[in-house]
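Just so it is clear: chains get the letters A, B, ... in the order the sequence lines come, proteins before strands, and each one is counted from 1.
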Number of protein chains: 2
Amino acid sequence: MTSSPSAPLGARARARTEVTAAIKDAARRQLAAEGAARLSLRAVARELGMVSSALYRYFPSRDDLLTALITDAYDSLGEAAETAHARVADAASLRRWTAVCEAVRHWALAHPHEYALIYGTPVPGYSAPDATVPAASRVGLLLLGVARDAHERGELTAPPLPPELAPEADRMAADLAPGLPPAAMPSLIAAWAQLFGLVGFELFGQFERVVEAREEFFRHAAVRLGRAAGLTGEDT
Amino acid sequence: MTSSPSAPLGARARARTEVTAAIKDAARRQLAAEGAARLSLRAVARELGMVSSALYRYFPSRDDLLTALITDAYDSLGEAAETAHARVADAASLRRWTAVCEAVRHWALAHPHEYALIYGTPVPGYSAPDATVPAASRVGLLLLGVARDAHERGELTAPPLPPELAPEADRMAADLAPGLPPAAMPSLIAAWAQLFGLVGFELFGQFERVVEAREEFFRHAAVRLGRAAGLTGEDT
DNA sequence: CACAAGAGAGAGCACTGCTCTTGCGAAGGG
DNA sequence: CCCTTCGCAAGAGCAGTGCTCTCTCTTGTG
C-alpha cells in the first residue's frame, strides 16, 4: 500500500505507470505497423532502449501485453462510437443507429490491426479473460440504448418471433436490456453481429472485386440493418 | 514434362504428390488442434519423421503451406454448403437459403480453426494470392444461385434502392450475377457478409453470456437474413 | 547402364518468448 | 542520518522457431 489513492502516488509508482504506458504505446505502434502476429516483446524492448527481460516486470507474458492492448482497443472503439452517437443525440432513432454503425466502420478502417485483434481470430488459443467484457460490451450496449430510446418514442416495432425463441428472447431482455420488448431482442442482437460481418468483410478483403462503392454500400446496408432490427421512421 | 497428363504420371511424381498430401494432412491436424498461430513447420516435419529442411522441397515457405490450407478450407466449406444445398434442391427458395446458411454454420463449428484461418485475421501481413479467389467465392456464388432461381420463380423482390447506389448495383449484377435484377444485388451481398458476422460472433465467443439458444437463434436469423435479401415465400 | 535430378540429412543463422541470477540505486524505516 | 530492503534492469542462457546452404545418397529416366 502506498499512501492514499490518487494522491501523490509515490514517485516510484508514478515511474511504473509511466513505463507501463510507454510499453503499451510502443506495442501499439508495432501492432499498427505489423499486426499482432508480428508483435515482438524484444522489438518493443529495443524501441524503448531496455532489455527484453525487463519488460517482464510490467507484463508477465506476451499474452498479457496483448490482453492490455485488446482492452484498450475495445475502449477506443467504444469511445469512438459513443462520441459519434452523442454528436447526433437529438436526431431520429434510425439516424443515430447508422451513426454508430458508421463510427464502427470508420474506426475499423483507421485501426485495421487493432480491429483484427479484437474481432479477428482470438490470438492465443483463445482468451477473453473476463476483464475485457465491460469494454467489449460498449458498442453492443450503445446499440441497445438506441433501440431503447426508439422504443420509448414509439419508433421500434418488434418483428414476429417464432414461439421456440420466446424464452430466449425473454432471457435476453431480462439480462441485457430491461425496458425493451423481448420480441425485439433477437433481431437487435443479430443486427449487432451482422454489423461486424459487414465491417470485417470489407476490412479483410472479402469485398475485393465485389463491392466497389464501399461508402455508399455500407450506408445503405446500415439503414437496412436498423430497419431489420425494428427501427422505424426516417433516416434523416 | 512427364508423359501425358493424368496417365501413369511417373513413380517419382506420384511419390511427390503423396508426400505433399501427407504434409498437408499433418499440417491440417496441427491446425485443427492448435490453431494457425501455433502451426510449426518443424513440428509437422517431426510428425512425419523427416527433418524440417526437407519440407522446403514441397512448400517454399510456411506461408505457402498456409495458403494451401486456406484454399483447401475454402473448398471444404464450399463443398459442405453445396451438398447441403443439393439435399434440398427441390424445396422453396427460402428453405434452400437457410440450408446453405446452416451448412456454413455447422462447418464452422466443426472446423473452428480452419474457419478462423479463412475468415479471421489474415495471417501473414495479408495474403489471398488470387489463387484462392475461386475457392473463396463458392459460398457467395451459391447464395447468388439460390437468389437467381428464386428470381426465375418470381420469389425474389428487390428492395427499394437509393439512387446513388444504382450504378454500383448495375456493376454488381453485370460482374457477379447476370440474370439477377441489379436492385437486388446490394441486399444479397450484404446478407452474405452478415451471415459470416453471425457465424463469426458465435465462433469467436462474442455471444458468450448474450446468446444461449444458439441453434434456434441462428435459424431465425437466417430466415430473416433471407427475407432481408429479398426472398419471399415460406421457409418450409 | 550411366548420370543427372531429386530428396533427405545436418549444421547453422537470426530470431522468438521466457527464466534465472546478479548487481545497482533509490525509497523509506529506525 | 545510516542502513536495509525492495524494485528495477541487465545479462546469460534455454528451448523453440523459420529458413538457407551444403553435402550425400538414392532413384528414375533417357
Side-chain angles (χ1 to χ4, degrees), chain A residues 1-4 7-24 26-27 30-31 33-70 117 122-125 127, chain B residues 1-5 7-24 26-27 30-31 33-70 117 123-125 127:
Chain A
M1 286 299 141
T2 62
S3 64
S4 71
L9 196 64
R12 199 145 208 169
R14 180 204 312 279
R16 186 177 176 81
T17 67
E18 258 172 36
V19 176
T20 307
I23 293 174
K24 286 208 291 189
Q30 230 180 85
L31 174 68
E34 302 264 25
R38 297 221 199 294
L39 191 158
S40 143
L41 272 191
R42 296 179 108 113
V44 170
R46 233 164 350 219
E47 185 177 329
L48 267 60
M50 25 184 3
V51 90
S52 75
S53 58
L55 284 197
Y56 287 83
R57 300 258 168 208
Y58 299 88
F59 295 94
S61 82
R62 197 193 102 117
D63 283 0
D64 289 270
L65 213 197
L66 274 180
T67 303
L69 294 183
I70 287 176
L117 187 63
V123 210
S127 55
Chain B
M1 286 305 137
T2 62
S3 65
S4 70
L9 196 66
R12 200 145 207 170
R14 181 205 311 283
R16 186 176 175 80
T17 67
E18 258 172 37
V19 175
T20 308
I23 293 174
K24 285 209 292 187
Q30 231 181 84
L31 175 67
E34 302 264 27
R38 297 222 198 295
L39 190 158
S40 144
L41 272 192
R42 297 180 106 113
V44 170
R46 229 168 306 157
E47 184 177 329
L48 267 60
M50 19 180 15
V51 90
S52 77
S53 60
L55 284 197
Y56 287 84
R57 300 255 172 218
Y58 300 88
F59 294 94
S61 83
R62 196 193 103 117
D63 283 359
D64 289 88
L65 214 198
L66 273 180
T67 304
L69 294 183
I70 288 175
L117 187 62
V123 208
S127 55

Student: Distance check, rounded to the nearest 0.5 Å: A/Leu66 atom CG versus A/Phe59 atom CZ?
Tutor: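 Atom-to-atom, A/Leu66:CG and A/Phe59:CZ are 10.0 Å apart.
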
Student: In Å and rounded to the nearest 0.5 Å, what is the CG to CD1 distance from B/Leu55 to B/Ile23?
Tutor: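 Result: 4.5 Å between the selected atoms.
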
Student: Measure the distance from CG on A/Leu65 to P on C/dT16 and round it to the nearest whole Å.
Tutor: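 It works out to 14 Å between those atoms.
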
Student: So does B/Arg46 get a side-chain nitrogen or oxygen closer than 4.0 Å to the phosphate oxygens (OP1/OP2) of D/dT17?
Tutor: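 Yes, such a contact exists.
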
Student: Using a cut-off of strictly less than 4.0 Å, decide whether A/Ser40 has a side-chain nitrogen or oxygen near OP1 or OP2 of C/dG17.
Tutor: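 Indeed, a polar side-chain atom of A/Ser40 lies that close.
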
Student: Which residue lies toward the 5' end of DNA chain C, A/Ser61 or B/Arg16, if each is placed at its nearest nucleotide?
Tutor: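 Nearest-nucleotide comparison on DNA chain C picks B/Arg16.
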
Student: Considering only heavy atoms and no angle criterion, is a donor-acceptor pair shorter than 3.5 Å present between the side chain of B/Arg42 and the base of D/dG16?
Tutor: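 Check fails, no donor-acceptor contact within cut-off.
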
Student: Quick one: label A/Ser53 by what it contacts on the DNA or RNA (base, sugar-phosphate, nothing), any heavy atom closer than 4.0 Å.
Tutor: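 The answer is base, as A/Ser53 lies within the cut-off (heavy atoms under 4.0 Å) of a base atom.
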
Student: May I ask you to say what B/Leu39 touches in the nucleic acid, namely base, sugar-phosphate or nothing, with a heavy-atom cut-off under 4.0 Å?
Tutor: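 Since only primed, P, OP1 and OP2 atoms lie under 4.0 Å of B/Leu39, the category is sugar-phosphate.
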
Student: Please give, in whole Å, the distance from D/dG18 P to A/Arg38 CZ?
Tutor: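 Taking CZ of A/Arg38 and P of D/dG18, I get 13 Å after rounding.
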
Student: Rounded to the Å, how far apart are B/Arg57 CZ and D/dC25 C1'?
Tutor: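 Rounded to the whole Å, the gap is 12 Å.
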
Student: Ignoring backbone atoms, test whether B/Tyr58 places a side-chain nitrogen or oxygen under 4.0 Å from the OP1 or OP2 oxygen of C/dG8.
Tutor: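 Yes.
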
Student: Please check if the side chain of A/Arg62 supplies one atom and the backbone of A/Leu39 the other of a donor-acceptor pair under 3.5 Å.
Tutor: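 Present.
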
Student: At under 4.0 Å between heavy atoms, what does B/Phe59 touch on the DNA or RNA strands: base, sugar-phosphate, or nothing?
Tutor: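 If one applies the 4.0 Å heavy-atom cut-off, B/Phe59 turns out to touch nothing in the nucleic acid.
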
Student: Rounding to an integer number of Å, can you tell me how far B/Arg14 CZ sits from D/dT29 P?
Tutor: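 Result: 11 Å.
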
Student: Heavy atoms from C-beta onward define the side chain here; which of C/dC18, D/dG18, D/dA10 lies closest to that of A/Met50?
Tutor: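 Within the option list, the nearest is D/dA10.
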
Student: Which heavy atom of B/Glu47 sits nearest to which heavy atom of B/Gln30, and what is that distance?
Tutor: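 Closest approach of B/Glu47 to B/Gln30: OE1-NE2, 4.4 Å.
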
Student: Whole angstroms only, please: what is the CG-P distance between B/Leu55 and D/dT17?
Tutor: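 After rounding, the reported distance stands at 12 Å.
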
Student: Within this structure, what is the CG-to-C1' distance between A/Asp64 and C/dC18, rounded to whole angstrom?
Tutor: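 After rounding, the gap between these two atoms is 13 Å.
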
Student: Within this structure, what is the CG-to-C1' distance between B/Leu66 and D/dT17, rounded to whole angstrom?
Tutor: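 Whole-Å distance recorded here is 14 Å.
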
Student: May I have the distance from A/Arg62 (atom CZ) to C/dT16 (atom P), rounded to whole angstrom?
Tutor: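 In whole Å, C/dT16 P and A/Arg62 CZ are 11 Å from each other.
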
Student: Cut-off 3.5 Å, side chains only: do B/Thr67 and B/Asp64 have a donor facing an acceptor?
Tutor: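 There is no such pair (donor and acceptor under 3.5 Å, judged by atom type) between the side chains of B/Thr67 and B/Asp64.
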
